[in-house]
Amino acid sequence: MSEAKLDPIDRAIVVATQDGLPLVDKPYHDVARQVGVSPDEVMSRMERMLAEGIIRRMGVVPNHYALGYKFNGMTVWDVADEDIAEAGRRVGELDFVSHCYHRPRHLPDWPYSLFAMIHAKEKAGADALVERVAEVLGDLSRGHMVLFSSRILKKTGLRL
């Protein structure tokens, strides 16, 4: 990111939102009051910063533990390199997979190349989701593991 693209108002908007948008009925109005511009200008500038890649995305970052999801598991799958695109497409279409991506394997100790995150409130629910992923992958999976989170890591966005 080039700071040359940020004028003082852009910087103030980023600083005002770097911990997230305010949890109020009209968050852009709240940011506008903090920055001293109109809500339309805040939205316009944020759209421009998104288009220019200064802000990569805007979205919700849930605290799964606070929502009661205590079994958050990164499932890792051993999929042949030639099948990784198809496997990723199949798993990525599952509505309970929060994110799915391809990572390099590190043989001989780590044969897993497809990663998919699942979230469940109970262990049995997590096990059922893993079984569902296994069904979807079918013969494309040569093995898998589930790495459950033991604590929540700090999630942050852009910081100035």
Side-chain angles (χ1 to χ4, degrees), residues 1-3 5-6 10 13-25 27-28 30-31 43 45-160:
M1 177 185 72
S2 168
E3 290 203 29
K5 294 181 178 180
L6 295 176
D10 291 339
I13 291 170
V14 170
V15 169
T17 60
Q18 64 189 6
D19 288 327
L21 285 172
L23 296 176
V24 297
D25 288 342
Y28 295 102
D30 196 71
V31 173
M43 288 186 271
R45 284 174 174 264
M46 291 184 82
E47 287 174 359
R48 179 186 45 78
M49 287 190 275
L50 275 167
E52 292 176 354
I54 295 168
I55 297 173
R56 200 170 61 186
R57 67 181 182 93
M58 292 177 26
V60 175
V61 181
N63 178 337
H64 290 93
Y65 289 95
L67 296 172
Y69 290 86
K70 307 291 185 197
F71 293 88
N72 304 297
M74 179 60 76
T75 66
V76 294
W77 303 85
D78 179 7
V79 174
D81 292 343
E82 61 270 19
D83 296 327
I84 197 71
E86 174 62 20
R89 185 193 61 75
R90 290 183 190 180
V91 174
E93 289 179 349
L94 295 170
D95 62 0
F96 58 84
V97 171
S98 64
H99 46 287
C100 173
Y101 43 90
H102 176 208
R103 293 271 188 202
R105 63 183 85 244
H106 296 280
L107 297 174
D109 299 322
W110 189 258
Y112 308 106
S113 56
L114 182 67
F115 290 50
M117 191 75 190
I118 55 122
H119 307 276
K121 293 182 177 180
E122 307 290 336
K123 176 77 167 73
D127 291 343
L129 295 177
V130 173
E131 281 303 311
R132 181 71 184 116
V133 175
E135 288 172 15
V136 164
L137 286 174
D139 291 340
L140 297 182
S141 172
R142 302 183 298 199
H144 72 277
M145 290 180 59
V146 182
L147 310 169
F148 285 104
S149 301
S150 58
R151 63 189 170 102
I152 191 165
L153 300 174
K154 185 176 181 182
K155 298 175 179 179
T156 62
L158 175 64
R159 300 273 176 213
L160 291 180

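Predicted model, so just to flag it, every value in this text is computed and none were measured.
Listed by first then second residue, pairs satisfying side-chain hydrogen bond (donor to acceptor under 3.5 Å, both in side chains) with a partner in residues 137-149 read D78-R142, not counting sequence neighbours.
Atom CD1 of residue I13 and atom CZ of residue R48 lie 8.0 Å apart, to the nearest 0.5 angstrom. The distance from atom OH of Y112 to atom OG1 of T75, rounded to the nearest 0.5 Å, is 11.0 Å.
When all heavy atoms of A120 and N72 are compared, the pair lying nearest together is N-OD1, 4.5 Å. The nearest pair of heavy atoms linking G73 to V146 is CA-CG1, 4.1 Å. For the residue pair P22 and P27, the shortest heavy atom distance occurs at O-CB, 3.4 Å.
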Exercise for review: Step by step, work out the side-chain contact (heavy atoms from CB on, under 4.5 Å) result for K121 and F71.
Suggested key: CA-CA 6 Å; K121 293 182 177 180; F71 293 88; over 6 Å; no
Exercise for review: Go through R105 and D81 one step at a time and tell me if the side-chain contact (heavy atoms from CB on, under 4.5 Å) criterion holds.
Suggested key: CA-CA 10 Å; R105 63 183 85 244; D81 292 343; 2.9 Å; yes
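Inter-residue side-chain proximity for V79 and H102 is flagged as unmet; no heavy-atom pair is nearer than 4.5 Å.
Remark: E47 pairs with no residue by the side chain to side chain contact (heavy atoms under 4.5 Å, CB included) rule, at least two apart or across chains. In this view, D25 satisfies the side chain to side chain donor-acceptor pair (under 3.5 Å) rule with no residue, not counting sequence neighbours. R45 pairs by the side chain to side chain donor-acceptor pair (under 3.5 Å) definition with D7, D10, E41, not counting sequence neighbours. Evaluation of the ring-ring contact (aromatic ring centres under 6.0 Å, His included) rule for Y101 yields H99, F115 as partners, not counting sequence neighbours.
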What side-chain donor-acceptor pairs closer than 3.5 Å can you find for residues 125-137, not counting sequence neighbours?
from : atom 1 : to   : atom 2 : distance (Å)
D127 : OD1    : K123 : NZ     : 2.8
D127 : OD2    : K123 : NZ     : 3.2
R132 : NH1    : E135 : OE1    : 3.4

